[in-house]
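Start at 1 with the first residue, then count along the sequence.
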Amino acid sequence: MRENNKTNVQKHSAKQVWSNNLFLIRLCFQASPAYVVFMTLDSVRNSLSVFLEHTYGIGYVLEAAEFHYPFRRVAMFVLGLALFVTVEMVFSAWVMNHIGAKNLPKVRQKVKLALYEKASGMDLKCYDDPEYYNQLVLVLSEADKQIDRCITFLQNTFSGIAVFISTGIYFFYKDRFSILFAVAAFVMAFCFNQIYNRLTFQLRITRNPLERKRDYVKRVFYMQDYAKELRLNPKVAEAIYQEFEQCNEEIYKVEKSYTGKRFWVSFLRRYVSNDFMSDVVYISYLVFRAAVMGGLSYSSVAILYNSFGRLKRGMSIFTDVYPYACETSLYVQRIRDFLAMEPELVSEKKLPVPGGAREIEVRNVCFGYGKAGEGKAQILNDISFAIRPGEKIAIVGYNGAGKTTLMKLIMRLYDPVSGQIIADGRDIRDYDLQDYRKSIGTVFQDFKIFAGSVKENVLMDAIDPGIPEEPVRQALVHSGLEERLAALPNGMDTMMTTEFDKEGVNLSGGESQKLAISRVFYKDAGLIILDEPSSALDPIAEYQLNHAMLEMAEHRTVIFISHRLSTTRLADRIILMENGQIVEQGTHDSLLKAQGKYAGMWNVQAGQYLAG
């Protein structure tokens, strides 16, 4: 990966640099034209103000003292300059405190939303790839910084042009040969800055995977999800702490490997091309011109020397600004590459999804995680079965049998490597992808409760004032959360978790699972998929929930995965999976009579309790 990154740095052409910077500038301008325009104008204002005050103004006063200008003439000049400075300071304060404070959040929001929308639309298999995580973490962590750099790039460019034109004309008028010294300084700074920025980018890219790993360890120590495990298993905490120390050591080694190069390049770009050129070479030239040749007045020597640094900074449009744009471009290219990603799971036909109970047929499906050709074992091997509309199917098997993976294929979170999944007579790839997924009600064992209200957690959508509350309440009642709901301080408007609201409520594991299940009760779905929906419930609550679920889903197709075989008796048909294959299927009674693997699992797990 490091070699590829180096290649990318070396091959970034000037065309790519300007294209990438202009890309982000356009995004910022689309979000807030006023912010981009006025922040740029303010930088030009500042440059012209500095020139008038510190170059032309001071030069005029020094010349007035040296050549005895009339006092009235000098006083009028100073008063006019003071009035100008007052007006431009008011303008600057308005830009920074009104335009900037009001519009910068809009700009950042637009870019971040574009990244979030892209991330939410990418295929689930992207999250199986560490490189995708590195890319995602990098673009999200760098987005705000690159927006600021983009605006700074604009400001520096136009400010540099203003300084170069104003101060350059002044130097040309006073002593045109002085410009050659500024040109020499800028050529040296240009070369050293490019080298330094490349080293900085390579360092950032090399650190990124290590920083992501360190951030993960940091989350483990402060997130509530891990708190109990760490306290009950202190050895785990010690191991994770050692991992944290190792990450820090590796980051230190990376930093150390770049320290020497960055130090010397920084020395050359800061001292040789700046202080040495101005404080040694140029001042010697000015003294020679004034004292030996008599070609300059002493006031001109003072103001030219004082303004030499500003002329060089004006020329930084060719030195600092371009390498700065190069570094920004390298990060923006990552953002553009991320935004240019397209999901592989698409629907060309985008057919509408039929309503009602779903008919499912799985034909010779094979699947394995990872890219083709990586040699990873198949999770599913030649799976075939059919589900009639309204049929209730239970899928059982030991961990790793491929049950959840099969459900992900039916929901089209992944596509099979080979084979087909047919829904209502059509390959599911023909249906509009989003509509197809929306037509399925799901609850996973690893469900998540979001830091929103109870109602939002049921709707899984932003609350619209026109959405009636009664269907939401009924969904919560069907899931068995009625009593807990009545005890909540704000009813359905109670916030879940205390992450953003100190008055929020943290539900127990079973209560959280009931809340997640209420999403299925609320949703009018033709297919319901339940992956261990009652794993955190006690047996009585599980029995009540299963009966309520089947009653509610009487006219819908239901597939549920369960390790508790006592619940599978309620299914119309049971499918037993093992090592990615279907080894048995039938009703509960027929499988018991067959005395196969299902019967063996039943006798071990549930038979001794339910025999009577």
Colleague: With distance as the sole criterion, is a donor-acceptor pair present between the side chains of Ser49 and Glu53 under 3.5 Å?
Modeller: yes

Colleague: Could you give the distance from OG (Ser512) to CD1 (Ile449), rounded to the nearest 0.5 Å?
Modeller: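 Spacing of OG (Ser512) from CD1 (Ile449) equals 5.0 Å.
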
Colleague: Look only at the side chain of Lys118 and the backbone of Met341, and say whether a donor-acceptor pair between them is shorter than 3.5 Å.
Modeller: yes

Colleague: Under 3.5 Å, is there a donor-acceptor pair linking the side chains of Glu250 and Gln246?
Modeller: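 On atom types as modelled, these side chains qualify, holding a pair under 3.5 Å.
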
Colleague: Within the supplied structure, the quantity of interest is the number of heavy atoms (other residues, nucleotides, ligands) at a distance under 6.0 Å from Glu344 CD; does it exceed 12?
Modeller: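 Counting neighbours around CD of Glu344, 12 or fewer heavy atoms of other residues, nucleotides or ligands fall under 6.0 Å, so no.
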
Colleague: Tell me, please, which residues at least two apart from Gln420 pass side chain to side chain contact (heavy atoms under 4.5 Å, CB included).
Modeller: Arg363, Ile422, Asp427, Arg429

Colleague: Supply the atom-to-atom distance Thr152 OG1 to Ile147 CD1, rounded to the nearest 0.5 angstrom.
Modeller: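 Here the rounded value is 11.5 Å.
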
Colleague: Check residues 28-37 and write down every donor-acceptor pair under 3.5 Å in which the side-chain atom is one partner and the other belongs to a residue at least two apart or another chain.
Modeller:
| residue | atom | partner | partner atom | Å |
| --- | --- | --- | --- | --- |
| Ser32 | OG | Tyr35 | N | 3.3 |
| Ser32 | OG | Asn103 | OD1 | 3.0 |

Colleague: For Asn457 and Gly452, which heavy atoms make the closest approach, and how far apart are they?
Modeller: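 Shortest heavy-atom contact: ND2-O, 3.5 Å.
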
Colleague: Return the set of residues passing ring pair (Phe, Tyr, Trp, His ring centres under 6.0 Å) with Phe267 (not counting sequence neighbours), or none when no residue passes.
Modeller: Tyr271

Colleague: Is the charged tip of Arg176 near the ring of Phe172: under 6.0 Å from the six-membered ring centre and within 45° of its axis?
Modeller: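 Relative to the ring axis of Phe172, which defines the angle, Arg176 lies inside both limits.
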
Colleague: Can you list everything that forms a salt bridge (Lys or Arg N to Asp or Glu O under 4.0 Å) with Arg45? Sequence neighbours excluded, please.
Modeller: Asp42, Glu88

Colleague: To the nearest 0.5 angstrom, please state how far the OG atom of Ser166 sits from the CZ atom of Phe171.
Modeller: 10.5 Å

Colleague: Could you list the residues that satisfy salt bridge (Lys or Arg N to Asp or Glu O under 4.0 Å) with Glu255, not counting sequence neighbours?
Modeller: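 Result, salt bridge (Lys or Arg N to Asp or Glu O under 4.0 Å) vs Glu255: Arg207.
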
Colleague: If you round to the nearest 0.5 Å, how far is CD1 of Ile251 from OG1 of Thr206?
Modeller: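 Reported value, rounded in 0.5 Å steps: 11.5 Å.
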
Colleague: Please find the pair of heavy atoms, one from Ala143 and one from Leu115, that lie closest to each other, and give the distance.
Modeller: CB-CD1, 3.8 Å

Colleague: Please check if the side chain of Gln16 supplies one atom and the backbone of Ser13 the other of a donor-acceptor pair under 3.5 Å.
Modeller: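 Looks like yes, one N/O pair under 3.5 Å.
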
Colleague: Output yes when a side-chain donor or acceptor of Lys523 lies under 3.5 Å from a complementary backbone atom of Lys438, and no otherwise.
Modeller: yes

Colleague: Below 4.5 Å, heavy atoms only, C-beta onward: do Leu140 and Tyr116 meet side chain to side chain?
Modeller: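 When only atoms from C-beta onward are counted, Tyr116 and Leu140 do touch, with a gap below 4.5 Å.
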
Colleague: Heavy atoms only: give me the nearest Ser347-Tyr431 pair and the separation to one decimal.
Modeller: OG-O, 2.7 Å

Colleague: With no hydrogens and no angle check, is any side-chain donor or acceptor of Gln155 less than 3.5 Å from a backbone partner on Met39?
Modeller: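 The answer is yes, because a donor-acceptor pair under 3.5 Å joins these two groups.
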
Colleague: Rounded to the nearest 0.5 Å, what's the gap from CG on Asn248 to CD on Glu211? Could you check?
Modeller: 10.0 Å

Colleague: According to ring pair (Phe, Tyr, Trp, His ring centres under 6.0 Å), who are the partners of Trp18, at least two apart in sequence or on a separate chain?
Modeller: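 Scan of Trp18 (ring pair (Phe, Tyr, Trp, His ring centres under 6.0 Å), adjacent residues dropped) gives Phe153, Tyr322.
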
Colleague: Once ring pair (Phe, Tyr, Trp, His ring centres under 6.0 Å) is applied, do any residues pair with Tyr56, and if so which ones, sequence neighbours excluded?
Modeller: Phe77

Colleague: Within a 6.0 Å radius of atom NZ on Lys125, are there more than 12 heavy atoms belonging to other residues, nucleotides or ligands?
Modeller: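 Not buried by this count: 12 neighbours or fewer within 6.0 Å.
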
Colleague: Assess the residue pair Leu104 and Ile151 against the criterion (side-chain contact (heavy atoms from CB on, under 4.5 Å)); give the C-alpha distance rounded to whole Å, side-chain angles, the decisive distance to 0.1 Å, and a yes or no.
Modeller: CA-CA 10 Å; Leu104 179 57; Ile151 299 302; 5.8 Å; no

Colleague: From Phe338 CZ over to Tyr132 OH, what is the distance, rounded to the nearest 0.5 angstrom?
Modeller: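 One finds 4.0 Å between CZ of Phe338 and OH of Tyr132.
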
Colleague: Under the rule for side chain to side chain donor-acceptor pair (under 3.5 Å), what residues qualify as partners of Asp435, not counting sequence neighbours?
Modeller: none

Colleague: Is the shortest heavy-atom distance from the side chain of Asn134 to the side chain of Leu138 under 4.5 Å?
Modeller: no

Colleague: Applying salt bridge (Lys or Arg N to Asp or Glu O under 4.0 Å), can you list everything that pairs with Asp123, at least two apart in sequence or on another chain?
Modeller: none

Colleague: Leu27 and Lys110: which non-hydrogen atoms are nearest, and at how many Å?
Modeller: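 Shortest heavy-atom separation between Leu27 and Lys110 comes out as O-CD, 3.6 Å.
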
Colleague: Return the set of residues passing side chain to side chain donor-acceptor pair (under 3.5 Å) with Arg336 (not counting sequence neighbours), or none when no residue passes.
Modeller: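 Counting only residues at least two positions away or on another chain, Arg336 forms a side chain to side chain donor-acceptor pair (under 3.5 Å) with Ser19, Asn20.
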
Colleague: Identify, with sequence neighbours excluded, every residue that meets salt bridge (Lys or Arg N to Asp or Glu O under 4.0 Å) alongside Glu243.
Modeller: Lys213

Colleague: So which heavy atom on Asn21 is nearest to which on Cys150, and how close?
Modeller: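 That closest heavy-atom pairing would be O-SG, 4.4 Å.
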
Colleague: Is there a side-chain contact between Tyr324 and Arg149 in this structure, where contact means two heavy atoms from C-beta onward sitting under 4.5 Å apart?
Modeller: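 Yes - at least one pair of side-chain heavy atoms lies under 4.5 Å apart.
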
Colleague: For residues Glu456 and Phe450, determine if any side-chain heavy atom of one lies less than 4.5 Å from a side-chain heavy atom of the other.
Modeller: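 Heavy-atom side-chain distance check fails, nothing below 4.5 Å.
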
Colleague: Just so I know, are the side chains of Leu345 and Arg437 near enough to count as touching, which here means a heavy-atom distance under 4.5 Å?
Modeller: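 Yes, at least one pair of side-chain atoms sits under 4.5 Å.
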
Colleague: Name the orientation class of the two ring planes belonging to Phe38 and Phe91 (parallel below 30°, tilted from 30 to 60°, perpendicular beyond 60°).
Modeller: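 Rings of Phe38 and Phe91: tilted, 30 to 60°.
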
Colleague: Any idea which heavy atoms bring Ile440 and Met411 closest together, and the distance?
Modeller: CD1-CA, 3.9 Å

Colleague: With sequence neighbours left out, write down each residue that passes ring pair (Phe, Tyr, Trp, His ring centres under 6.0 Å) with Phe51, or none if nothing qualifies.
Modeller: none

